[in-house]
Amino acid sequence: MSRLYDTVEPSVIDDKMLETCIEEQGPKDEAGNIAKKEGIPYEEVLSLRLDFQNILRIENLWQFNNLIKLQLDNNVIEKIEGLENLKNLEWLDLSFNNIERIEGLESLTKLKDLSLFNNQISKLENMNFLENLEVFSIGNNQLNDYDFALYLRQFKELKTLCLKGNPVCEKPEFVPFVLAHLTQIIYLDYRLVDESLREEGLKRFEIDIGQIISNEEAEEKIRQEKQTLEKETQLNKEAYVEGLNSDELFLSLYNEDSEGQKLNLTPGADELLTEYHDKFVSVCKEMYDYGKAQKDLRENEVNEFWKCLNEAKDVNTEEASAAINTYVEYKKIVFEELNNITDQIVQEAKLDECNEEVNKLTDKLMSLEIQVVDQLEEIIREFERNLSEMVNNFVEQIQGLFGQLRDLENIQFEKLQELCLSTLEKVIKGEVSDDFPDDLRDLYIDKDTVVNALQTSHDVHTLKIDSREDDMISKIKNWSNTMIEQIHDEEEYKRNRNRVIEIHHLMDYFRDELNEPADLQD
């Protein structure tokens, strides 16, 4: 049954409602007073209840990006929307609303528990991304057929399922059918599954299930092959050699070359084209193998760089931590002594000594920071040199191979031109056979027409080759420049600035301890 809202104005999820709900559900006593006074940032909220609020539309939740649990039950919501930013959500209750269609869940890949109980849903759809779903409540809806069971087979983690109250539940053999087709289910309609009913269903629907499993295995094989191909394609893109392990680049020469396609119908052109194709593809595959090998070398260089960089930072951190721990132990002893000293002059002398130790610690930590800055600068400089050399070698080799492709195109152009001009003479003299293509007769009118067609085709091919070369070279240079810029920014400037700030804050804290006598007695 739909929940009505014609007698009461639907509510809007605004800041007032959110703040009120967060306050009511937040900490109590003194912690609650502090939270009420200072407010709780939305991004820190992990659980939010918005039930029984007469909400019509889900909105204004984009700031709750760390939310884990969300209750929107017992409202008048008609559409699932506004959840795109809740990527950490694990528990979602939309029961007792007016929802007719499952949608808007694409980004909730961490969702484990979903309740759509008591809505108006007649079909399961748009849930493919919920791979971690463990609990699903879809009872009291409008499911009329067994399609839902086939759809739910994809959720391997699903253990608890609620279906009661749907029209499909009235079908004969409903329970055996569901249990046989959803063998991962442990609890059905809040009851532990009766394995005898499952066995009954497995026997009753053995043939159908066998066919379903066979279809699923075939689909899984296709999915894995597609996934493997997509992975390989992505790796090839990262190596800047996508399509070069086939004749893709060669075929692209003629995709937009209508003149070339006509010229290739010239008697004898097929042999030239085959020879051109084979040599062109051979160079492309040489380029592909080289690019893949170079990608591996670049990856090894990058990994070795980060290893050296992190080792230098770790050693520096250990030395800094040791210096801090030494001071902390010293301070602990001094504070114990101060608790037993009543002479103010002696106390002040001890505190002065402690202050001097803080100054020494500051010098030590700043010295270590200067040391690691020099180390990191040298590591980064060496990496930059190595990477620049690798990129330059790559560019030089690629330019050489593309030069070979241009040479092949020039040779093909010259051979085809010779053939076409010879054919033109035959056409003029009427020496061609009767099956000479009509499209070619329109082309072989005079020498200028033939030469213009040849030149146009040649220009198209050369432009394609040049464009692919420019694309490869610009991509690897952009990758190298971007990486170096990010390393300088993150590992030199920002890291150093943050560490200096961290040192100053820590030293200020230590000095504050010494300047607050009351703390010494704690």
Side-chain angles (χ1 to χ4, degrees), residues 228-257 259-261 263-264 269-305 383-419 454-484:
T228 300
L229 180 60
E230 289 175 349
K231 184 178 180 181
E232 181 183 356
T233 300
Q234 181 58 35
L235 291 174
N236 289 342
K237 284 183 178 180
E238 293 173 2
Y240 317 113
V241 294
E242 62 273 20
L244 294 179
N245 57 336
S246 66
D247 59 358
E248 181 179 315
L249 179 58
F250 180 83
L251 294 178
S252 73
L253 302 183
Y254 293 92
N255 286 343
E256 301 172 4
D257 178 20
E259 300 292 355
Q261 293 174 20
L263 291 168
N264 286 335
D270 53 342
E271 295 179 4
L272 296 178
L273 186 64
T274 299
E275 181 182 5
Y276 179 34
H277 169 276
D278 293 345
K279 291 181 178 179
F280 192 100
V281 171
S282 177
V283 175
C284 287
K285 288 184 176 179
E286 182 181 349
M287 201 181 310
Y288 174 84
D289 292 338
Y290 175 77
K292 293 283 283 186
Q294 286 297 301
K295 176 183 179 294
D296 292 339
L297 292 177
R298 289 195 300 272
E299 283 187 352
N300 292 337
E301 183 67 30
V302 171
N303 292 337
E304 186 63 27
F305 161 73
F383 172 68
E384 192 170 354
R385 285 195 300 266
N386 293 343
L387 193 63
S388 177
E389 182 178 352
M390 296 181 77
V391 170
N392 290 338
N393 289 340
F394 178 86
V395 169
E396 183 179 344
Q397 184 71 13
I398 290 301
Q399 287 175 333
L401 291 169
F402 272 102
Q404 292 182 35
L405 294 182
R406 277 187 285 271
D407 290 342
L408 290 172
E409 168 58 27
N410 291 333
I411 293 171
Q412 172 68 5
F413 170 70
E414 292 172 359
K415 288 183 176 179
L416 187 60
Q417 180 174 248
E418 182 180 349
L419 174 66
L454 285 164
Q455 190 61 52
T456 299
S457 175
H458 179 54
D459 290 344
V460 170
H461 297 177
T462 302
L463 180 61
K464 286 279 188 179
I465 295 171
D466 291 347
S467 296
R468 183 57 195 276
E469 179 184 19
D470 292 341
D471 181 65
M472 286 183 69
I473 292 174
S474 64
K475 281 181 177 178
I476 192 169
K477 286 184 176 180
N478 288 338
W479 169 80
S480 174
N481 292 336
T482 300
M483 172 173 282
I484 294 300

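The salt bridge (Lys or Arg N to Asp or Glu O under 4.0 Å) check on Asp471 picks up Lys475, with sequence neighbours excluded. Lys464 pairs by the side chain to side chain contact (heavy atoms under 4.5 Å, CB included) definition with Ser252, Leu253, Glu256, not counting sequence neighbours. Remark: Ser388 pairs with Asn392 by the side chain to side chain contact (heavy atoms under 4.5 Å, CB included) rule, at least two apart or across chains. Contacts of Tyr254 classified as ring-ring contact (aromatic ring centres under 6.0 Å, His included), with partners at least two apart in sequence or in another chain: Phe250, His461. Residues satisfying the side chain to side chain donor-acceptor pair (under 3.5 Å) criterion with Asn245, sequence neighbours excluded, are absent altogether. Remark: Val460 engages Asp257 in a side chain to side chain contact (heavy atoms under 4.5 Å, CB included) (not counting sequence neighbours). For Glu238, the side chain to side chain donor-acceptor pair (under 3.5 Å) partners two or more places apart in sequence, or in a different chain, are Gln234. Legend: residues meeting side chain to side chain donor-acceptor pair (under 3.5 Å) with Asn393, ordered by chain and number and at least two apart, are absent. Evaluation of the side chain to side chain donor-acceptor pair (under 3.5 Å) rule for Gln261 yields no partner, not counting sequence neighbours. Partners of Glu301 under the side chain to side chain contact (heavy atoms under 4.5 Å, CB included) rule, at least two apart in sequence or in another chain, are Phe383, Asn386, Met390. Contacts of Glu275 classified as salt bridge (Lys or Arg N to Asp or Glu O under 4.0 Å), with partners at least two apart in sequence or in another chain: Lys279, Lys415.
Within the structure, salt bridge (Lys or Arg N to Asp or Glu O under 4.0 Å) contacts touching residues 401-412 (residues at least two apart or in different chains) are Arg406-Asp466, Arg406-Glu469.
Closest of all the heavy-atom pairs between Ser457 and Gly260 is OG-CA, 3.5 Å. Pairing each heavy atom of Ala269 with each of Leu263, the nearest pair is CB-O, 3.8 Å. In terms of heavy atoms, Leu272 sits closest to Gln412 at O-OE1, 3.4 Å. When all heavy atoms of Leu244 and Tyr288 are compared, the pair lying nearest together is O-CB, 3.7 Å. Between Ala239 and Gly291, the shortest heavy-atom contact is CB-O, 3.9 Å. Between Val241 and Arg468, the shortest heavy-atom contact is C-NH2, 3.8 Å.
Atom-to-atom distance recorded for Leu454:CG and Gln417:CD is 5.5 Å, nearest 0.5 angstrom. Distance CD1/Ile411 to CG/Leu416: 13.5 Å, rounded to 0.5 Å.
Side-chain N or O atoms of Thr233 include one that pairs as donor or acceptor with a backbone N or O of Leu229 at under 3.5 Å. Looking only at distances, no side-chain donor or acceptor of Ser480 sits under 3.5 Å from a matching main-chain atom of Ile476.
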query = Given the rule in the side chain to side chain donor-acceptor pair (under 3.5 Å) test, do Asp459 and Gln455 qualify, once you have shown the distances and angles that lead to the verdict?
reply = CA-CA 6 Å; Asp459 290 344; Gln455 190 61 52; 3.0 Å; yes

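Side-chain atoms of Gln397 and Gln294, non-hydrogen and from C-beta on, never get closer than 4.5 Å to each other. Proximity of Phe394 to Leu297: side-chain heavy atoms (C-beta onward) are nowhere separated by under 4.5 Å. Two residues are said to be in side-chain contact when any heavy atoms from C-beta on lie closer than 4.5 Å; Ile398 and Tyr290 meet this criterion. Contact annotation: the side chain of Val395 never approaches that of Met472 to less than 4.5 Å [non-hydrogen atoms, C-beta and beyond].
Taking a cutoff of 4.0 Å between a charged side-chain nitrogen and a carboxylate oxygen, Arg385 and Glu389 do not qualify as a salt bridge.
Counting non-hydrogen atoms of neighbouring residues, nucleotides and ligands closer than 6.0 angstrom, the CD atom of Glu299 exceeds 12 such neighbours. When the shell of 6.0 Å around NZ of Lys285 is examined, it contains 12 or fewer heavy atoms from other residues, nucleotides or ligands.
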